[in-house]
Amino acid sequence: MQYWLMKSEPDEVSMDDVMASPNRTTAWFGVRNYQARNFMRDAMREGDGVLFYHSSCAQPGIAGLARIVSQPYPDASQFDPVSPYYDPKASPEQPRWISIDVQGTHKTRLLPLAELRSIPELAEMVVLQKGSRLSITPVTPDQWRYIEALLTGAA
DNA sequence: GCCAACGTTGGC
DNA sequence: GCCAACGTTGGC
């Protein structure tokens with residue numbers, strides 16, 4: 001069991017969109033960065049916890065909690081010539097990019113980036129490190145527990 | 001819109 | 001394999 005922070009632009013997919021999806025589940029596709037891809041392919045597994053983060057927006061921060069509900073599988077958009085995520089170098093025989101299904105569990109209050117930065121217990125979070133741009137970053141169990149308790153009131 | 005930081009591309 | 005140029009991310 002591992003924990004992750006996943007960035008989404010709320011104009012594309014917001015926490016509300018996830019919670020409104022059938023079974024509160026949506027396919028995470030369009031990752032086109034090898035480091036993030038490798039996390040999905042090699043480390044993410046069904047049941048892992050996800051901090052759902054809104055990026056590139058007026059109020060960046062954590063918007064809810066989710067979990068991984070599938071194994072990794074090839075991202076269909078890489079084969080679609082009209083998709084903005086089309087990759088001519090990928091083929092169904094040799095897929096390059098990975099999707100995974102994410103299910104929303106709690107929509108929470110927005111935990112703003114500035115507040116995250118103000119919490120000493122969270123100072124080591126990968127997403128807070130200088131220059132960090134990865135759309136998927138690992139979260140430690142301690143960081144997860146702290147944020148989960150903060151946002152859900154769970155002990 | 002600005003800009004820092006990082007990733008990718010491609011010539012050599 | 002090096003590295004300059006370019007593109008992207010993402011907070012502000």
Side-chain angles (χ1 to χ4, degrees), chain A residues 2-21 25-45 48-68 70 72-140 142-144 146-148 150-151:
Chain A
Q2 297 185 83
Y3 302 97
W4 309 95
L5 181 144
M6 299 175 83
K7 291 182 187 173
S8 181
E9 302 190 14
D11 287 350
E12 304 286 332
V13 181
S14 70
M15 190 68 201
D16 283 337
D17 294 333
V18 174
M19 297 307 277
S21 300
T25 298
T26 189
W28 205 279
F29 66 95
V31 171
R32 294 295 180 270
N33 171 282
Y34 287 104
Q35 235 182 311
R37 190 277 312 266
N38 292 348
F39 280 138
M40 296 174 89
R41 186 189 61 191
D42 303 334
M44 277 189 164
R45 290 299 177 263
D48 284 0
V50 172
L51 302 173
F52 193 98
Y53 181 93
H54 285 177
S55 69
S56 294
C57 60
Q59 289 271 318
I62 294 171
L65 306 180
R67 65 177 161 232
I68 301 299
S70 79
Y73 58 91
D75 178 344
S77 66
Q78 68 191 305
F79 312 129
D80 179 357
V82 301
S83 167
Y85 299 113
Y86 178 61
D87 183 345
K89 293 179 181 167
S91 67
E93 296 73 30
Q94 291 218 312
R96 179 180 288 205
W97 305 110
I98 297 290
S99 274
I100 208 159
D101 292 345
V102 174
Q103 180 181 51
T105 54
H106 305 272
K107 181 187 174 177
T108 65
R109 78 171 171 96
L110 188 94
L111 175 53
L113 177 60
E115 184 176 345
L116 279 177
R117 291 195 187 284
S118 77
I119 300 172
E121 288 87 343
L122 302 179
E124 304 299 317
M125 285 188 78
V126 176
V127 73
L128 300 182
Q129 304 313 304
K130 185 175 180 179
S132 172
R133 304 188 313 182
L134 268 186
S135 58
I136 299 173
T137 50
V139 172
T140 69
D142 283 347
Q143 291 162 357
W144 171 270
Y146 188 96
I147 292 169
E148 183 183 40
L150 186 63
L151 292 178

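First the proteins, then the strands, lettered A, B, ... as listed; each starts at 1.
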Quiz item: Whole-Å distance between C:dC12 C1' and A:Arg133 CZ?
Solution: 17 Å
Quiz item: Quick one: is C:dT9 close enough that its OP1 or OP2 comes under 4.0 Å of any side-chain N or O from A:Lys7?
Solution: no
Exercise. Looking only at side-chain atoms of A:Ser55, point me to the closest of C:dG10, B:dT8, B:dA5.
Key: C:dG10
Quiz item: How many Å lie between CD on A:Gln129 and P on C:dG11, as a whole number?
Solution: 15 Å
Self-check item: Taking every non-hydrogen atom, the tightest pair across A:Trp144 and A:Ala66
Solution: CH2-O, 4.2 Å
Exercise. Could you tell me whether the side chain of A:Tyr53 reaches within less than 4.5 Å of the side chain of A:Ser8, counting heavy atoms only?
Key: no
Quiz item: To the side chain of A:Gln35, which of C:dG10, B:dG7, C:dG11 is closest?
Solution: B:dG7
Practice problem: Look at all strands and tell whether A:Glu9 reaches a base, only sugar-phosphate, or nothing, counting heavy atoms closer than 4.0 Å. | Solution: nothing
Practice problem: Starting at atom CG of A:Asn33, determine the distance to atom P of B:dT8, rounded to an integer number of angstrom. | Solution: 6 Å
Quiz prompt | Spacing of A:Arg37 atom CZ relative to B:dT8 atom P, expressed in whole Å | solution = 10 Å
Quiz item: Choosing from B:dG7, C:dG11, B:dT8, which nucleotide comes nearest the side chain of A:Tyr53?
Solution: C:dG11
Quiz prompt | Rounded distance in Å - NZ (A:Lys130) to C1' (B:dA4) | solution = 8 Å
Quiz item: Can A:Trp28 and A:Asp101 be counted as having a side-chain donor-acceptor contact under 3.5 angstrom?
Solution: no
Practice problem: Calculate the interatomic distance between A:Asp11 atom CG and C:dT9 atom C1'; express it in whole Å. | Solution: 15 Å
Practice problem: Starting at atom CG of A:Leu134, determine the distance to atom C1' of C:dG11, rounded to an integer number of angstrom. | Solution: 16 Å
Quiz prompt | Check: A:Leu51 and A:Leu65 side chains under 4.5 Å, non-hydrogen atoms | solution = yes
Quiz prompt | For atom OH of A:Tyr34 and atom C1' of C:dG7, their distance in whole Å | solution = 15 Å
